[in-house]
Amino acid sequence: MTAPPTLMLVDGSGYIFRAYHSLPPMSRPDGTPVNAVYGFTTMLLKLLADMKATHLAVLFDAGRHTFRNEIYPAYKAQRPDPPADLIPQFPLIREAVRAFNVPCLEREGLEADDLIATYAARARATGAQVVIVSSDKDLMQLVRDGVSLLDPMKNRAIGPDEVREKFGVDPDKVVDVQALAGDPVDNVPGVPGIGVKTAAQLITTYGDLETLLARAGEIPQPKRRQSLLEHADNARLSRRLVTLRDDVEVSETLEDFALGAPDPGVVRSFLTENGFRSLLKRVEATLDTAPDPASPDTPAAVAQGVESVPDDYHLVTTLEDLDAWIAEAHASGVVAVDTETNSLKARHATLVGVSLAPRPGRACYIPFAHRAPKTEGLDLEGEGAGAAVTNIEDKDKALARLGALLADPSVLKVGHNIKFDLHVLAGAGLDTVTPLDDTMVLSFVIDGSRHGHGMDELAQRHLGRTTIPFEAVCGKGKNQITFDLVPLDQAVRYAAEDADVTLRLHVVLRQALLAARLVRVYETLDRPMIPILARMEQTGVVVDAVRLKTLSGEFARRMADLETEIHALAGRPFNVASPKQLGEVLFDDMGLPGGKRSSKTGAWSTDAQVLDTLAGEGHALPALVLDWRQYAKLKSTYTDALVEDIDRATGRVHTTYSLSVTTTGRLSSNDPNLQNIPIRSEDGRKIREAFVAPPGFCLMSADYSQIELRLVAHVAAIRALREAFAQGQDIHAITAAQVFGVPLEGMDPMVRRRAKAINFGILYGISAHGLAVQLGISRGEAGAFIAAYMARFPEIQTFMETIKEQARAQGFVETPFGRRIPIPGINDRNPAARAFAERQAINAPIQGGAADIIKRAMIRLPDALSEAGLGARLLLQVHDELVLEVPEAEIDATRDTVRRVMSTTVALTDAQGVTTVPLDVDVGVGPSWAEAH
DNA sequence: CTGTTCACG
DNA sequence: GACGTACGTGAACAGG
């Protein structure tokens, strides 16, 4: 027989205030106050170190409004706001709890005490011992056989004797005493003239509250009798207020609170980030010890220790050895894979070697194309002294066996940015890698932009391990060598480590994904995007080089003409491309008014807005510079650069998409960026004419109409906007009619334009100044527009307040699909920084939600097209637009399928499953992107 | 390597 | 009453 489990339930909210008031102000290097965080963390460490508990959870109050306010509005109503320097510590304290792998719970409308009562009752029913960690007397009512209280400040146990000492009655009568005595601190009325002492005496005499009230007439003291008769209802009300609910519907069971070892990386980074160096030192010893014996099978326990397995790395040069490693991968069901190449351009890289890691610590490196350094002279198969180079024997067979492993559905392949490896492997003829997992994408889903997701950084953070830097193996600068020239002993250490670290990170991050409840986001939104994007990148888009070169020439001529004119007007030649020199010409030489100096460097500002203002005042030079700048931009960034990006082999441009760059969950595109090809200006638009379809095909562009505004209408439940979208109306015109009270028919385009600007402002977390700048009106006018908008669509304010509150409390906001977006500055001391974070908090769920939607459509689309027997191929994604190349004979059918998939894969519905806002898709077709869009 | 500018959604 | 301001990217260029 083993001892019964012991569940500790910590009253988190109560402890925060005590820690705050008992410690002097402390702050970390960035200025964030942390005294309460420090006190709290110390207490938590102590509880964990004492090892008295087998199960642990920390409970918090959620918001100030609880069901008790429904019963009695004055309850705790006069409590002052928490001190300003405590507010930013609330989310940090929750982070502390999670960092130590302890469940952390709160529930809207309930106090922490109610959750404690509920979990205590449930645990007790299973035979567990319960220890409530709190010094709040309100919890004394819960003391009974199997349930005790622990005061963490005084480290004093509170049992029935201590309760009787405090309240003069048994624990089960505590609420009756409190009902009579009341509590001025919490605004519990009680019965006037009766304190704890009298109440205890009365309850002892009469047995319980109801009996006492029924027989109040028998009380000899006239004043006491009258007060009781008069305030009997107050006593009953008070009893309801102080009685804790132990019947909250909860889904957690005792097992969910089982103590598991924390992730040492998470603990380290939490303590480091908050400057708790002494605490880090104290816990360091315990972090590397064996898994917690109390629960060796919890996922956390599995993750724990993954960083301390010793390295066991091998070079593989025979098929026999290779087969043994493949067998290990089959046995474990998972293998981390990393490819080494001679280039960062995955599609052009040749496969130099492959590393495999079937178990933490165990990894091998298989060289395929290593060479001896040239300096040794003629050296055919690496027989030269000291520079023996032996690649794997029989490369074709080796590749085939590797290919079979990669394609085997029973073995999970893990990579760090595995999309890169997919391209490299495809180049070597291995084009099926499934199923797959990506530690970079996992890290992004869990932590977003809180930190980078490079392997070296993650290894440091989660495994406390410094990996061998690439430079240490290949050098840097002009002396850098390619990986095929790296000596094999070094190559093994570096490459095997990469696979090994990837596998170890996979263990840690999968566990973290589960703990953060983000499995669904990863599985349905990001993971399936990896092969989709790989295919789009591989396909590429045809770009007409001749057309671009012609445009380049045209732009160059115009620039030359403009430059001559500009120099003439300036009276001297200067570098038009230099903002510094231009500023001197405009504001020093010519002495034009209205110059602004940048706050950082003190240089004259010469951006488009400044030049535009000057041009508007009739100055010729600034207007010419604006023109010149436009051509310079188009030429250098697009027409010249894009030609260089055309792949000689395919005649196409192949961008690289990233899933783990943006703060909101959007994709990003680079090398080249195909998400910012010009469209707004006439000249810029011509660049899109160079994006064309191959013979027999045409380009199709399908874009979501107003997707972000629809999401606002959905998320913020703005009735008027929902209806307008449902009826397919012109949303900006409707807004104008509502806000400015003008009729829809014959509307002044200027009025509509203003409404449109306000709608965009809403998406960005509107400010009067921002809107004023955008519309060229005064801040006062802009403020009046915003006020009118808020009055017409009041739901928007609730949405904004709610989302900001969520950001403040949790440090992140969520898209409607559950993606988490950290908002780090939300509790910043600096009001401007805080305001910025608040606008981010408002925009993030909208922009991120739209990104989630188009991801779902992209994941679904290729299958839908092939199910329909269509040969269209996805080429590009530009946030709300998809570009495909479509066989000319299949245009109509493809248009139908694309529109259906994009508008129905995700439905925006209310709690009843009724669609709130439809998703509309505009589809265009043409020989070039310019004509399709 | 940083700051400025500007292309896109 | 002062202060600094729309959200999210990537790339080219100047200048230290």
Side-chain angles (χ1 to χ4, degrees), chain A residues 449 574-583 596-612 625-626 628-642 644-645 655-658 661-681 683-685 687-688 703-704 706-709 712 757-775 779 782 786 813 821 823 830-848 850-851 854 876-882 929 933:
Chain A
S449 47
F574 69 99
N575 184 354
V576 184
S578 163
K580 185 165 168 274
Q581 296 180 32
L582 177 63
K596 296 184 299 187
R597 285 185 186 273
S598 92
S599 49
K600 278 188 189 134
T601 61
W604 291 111
S605 170
T606 68
D607 64 20
Q609 214 192 324
V610 170
L611 299 185
D612 201 54
V625 172
L626 279 173
W628 185 91
R629 280 218 182 133
Q630 203 203 351
Y631 291 120
K633 179 83 175 181
L634 295 178
K635 184 168 182 294
S636 72
T637 310
Y638 300 105
T639 53
D640 288 350
L642 224 36
E644 300 303 313
D645 287 320
T655 184
T656 301
Y657 290 102
S658 176
V661 164
T662 67
T663 53
T664 57
R666 274 188 175 180
L667 298 183
S668 76
S669 154
N670 63 31
D671 197 24
N673 183 357
L674 295 186
Q675 291 183 319
N676 71 346
I677 302 300
I679 190 168
R680 293 173 189 170
S681 79
D683 285 309
R685 204 186 169 84
I687 292 163
R688 291 197 174 212
D703 68 273
Y704 283 108
Q706 309 285 6
I707 188 165
E708 293 193 357
L709 215 44
V712 171
I758 303 177
N759 277 333
F760 274 96
I762 296 293
L763 302 179
Y764 300 150
I766 201 154
S767 77
H769 182 267
L771 182 62
V773 169
Q774 188 63 34
L775 285 176
R779 214 168 52 232
I786 295 169
V813 296
I821 299 163
I823 308 291
N830 172 358
R834 212 167 47 237
F836 178 53
E838 288 176 354
R839 294 195 297 270
Q840 288 179 315
I842 290 164
N843 173 259
I846 305 304
Q847 188 181 118
I854 197 166
L876 304 175
Q877 189 251 41
V878 195
H879 309 309
D880 65 354
E881 173 190 11
L882 297 178
W929 194 4
H933 189 78

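These values consider heavy atoms only, across backbone and side chains, with no hydrogens, waters or symmetry-generated copies. Chain letters run A, B, ... following the sequence lines, proteins first, then strands; residues in each count from 1.
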Flag side-chain contact, heavy atom, 4.5 Å: Gln675(A) against Arg666(A): no

Give me the distance, rounded to whole Å, that separates dT5(B) from dA6(C) when you measure between the P atoms they each carry. 14 Å

Results of side-chain hydrogen bond (donor to acceptor under 3.5 Å, both in side chains) for Thr655(A) - residues two or more places apart only: Ser669(A)

Pick base, sugar-phosphate or nothing for Ala835(A), based on heavy-atom distances below 4.0 Å to the nucleic acid. nothing

Which residues share a ring-ring contact (aromatic ring centres under 6.0 Å, His included) with Phe574(A), sequence neighbours left out: His567(A)

Looking at every strand, decide which applies to Arg685(A) at a 4.0 Å heavy-atom threshold: base, sugar-phosphate, or nothing. nothing

Are the side chains of Arg629(A) and Thr606(A) in contact, using a 4.5 Å heavy-atom criterion? yes

I need the NZ-C1' distance between Lys635(A) and dC13(C), as an integer number of Å. 14 Å

Look at all strands and tell whether Ala757(A) reaches a base, only sugar-phosphate, or nothing, counting heavy atoms closer than 4.0 Å. base

Trp628(A): what forms a ring-ring contact (aromatic ring centres under 6.0 Å, His included) with it, not counting sequence neighbours? none

Have a look at Val773(A) and say if it touches a base, only the backbone sugar-phosphate, or nothing, with a 4.0 Å heavy-atom cut-off. nothing

Pairwise side-chain contact, Ile677(A) with Leu642(A), heavy-atom cut-off 4.5 Å (strictly under): yes

Residues two or more places apart in sequence or in another chain: which of them pass side-chain hydrogen bond (donor to acceptor under 3.5 Å, both in side chains) with Arg688(A)? none

Listed by chain and number, what are the ring-ring contact (aromatic ring centres under 6.0 Å, His included) partners of Tyr631(A), not counting sequence neighbours? Phe555(A)

Name all residues meeting the side-chain hydrogen bond (donor to acceptor under 3.5 Å, both in side chains) criterion together with Asn759(A); count only those two or more places apart in sequence or in a different chain, and write none if there are none. His732(A), Thr735(A), Tyr789(A)

Treat primed atoms plus P, OP1 and OP2 as sugar-phosphate and everything else as base, then score nucleotides 2-9 of chain B 5' to 3': B for base contact with protein heavy atoms under 4.0 Å, S for sugar-phosphate contact only, - for none. -SSSBBBB

Report the distance from atom OH of Tyr657(A) to atom C1' of dG10(C), rounded to the nearest whole Å. 13 Å

Nucleotide dA11(C), atom P - distance to CG of Asp640(A) in whole Å: 16 Å

Given dT9(C), is OP1 or OP2 found less than 4.0 Å from the side-chain N or O atoms of Thr664(A)? no

Please work out if Ser636(A) contacts a base, only the sugar-phosphate, or nothing of the nucleic acid, heavy-atom cut-off 4.0 Å. sugar-phosphate

Describe the nucleic acid contact of Gly765(A) in one word from base, sugar-phosphate, nothing, applying a heavy-atom distance below 4.0 Å. nothing

Holding to side-chain hydrogen bond (donor to acceptor under 3.5 Å, both in side chains), I want the full list of residues that pass it with Asp640(A), two or more places apart in sequence or in another chain. Ser552(A), Lys635(A)

note: Arg597(A), atom CZ; dG4(C), atom C1'; distance rounded to Å ~ 20 Å

Based on Watson-Crick and G-U pairs with both distances under 3.5 Å, what dot-bracket line describes DNA chain C 5' to 3', crossing pairs as [ ] and inter-strand pairs as |? ......|||||||||.

Is any side-chain nitrogen or oxygen of Thr663(A) closer than 4.0 Å to OP1 or OP2 of dC7(C)? no

Using the P atoms only, state how far dT4(B) lies from dT5(C), rounded to an integer number of Å. 12 Å

Within this structure, what is the CD-to-C1' distance between Glu644(A) and dA11(C), rounded to whole angstrom? 15 Å

Take the protein atom CD1 of Ile762(A) and the nucleotide atom P of dT5(C), then report the distance between them rounded to whole Å. 21 Å

Whole-Å gap separating P (dT9(C)) and CG (Asp671(A)): 19 Å

Would you indicate which nucleotide in dA14(C), dG8(C), dT5(C) comes nearest to any side-chain atom of Asn575(A)? dA14(C)

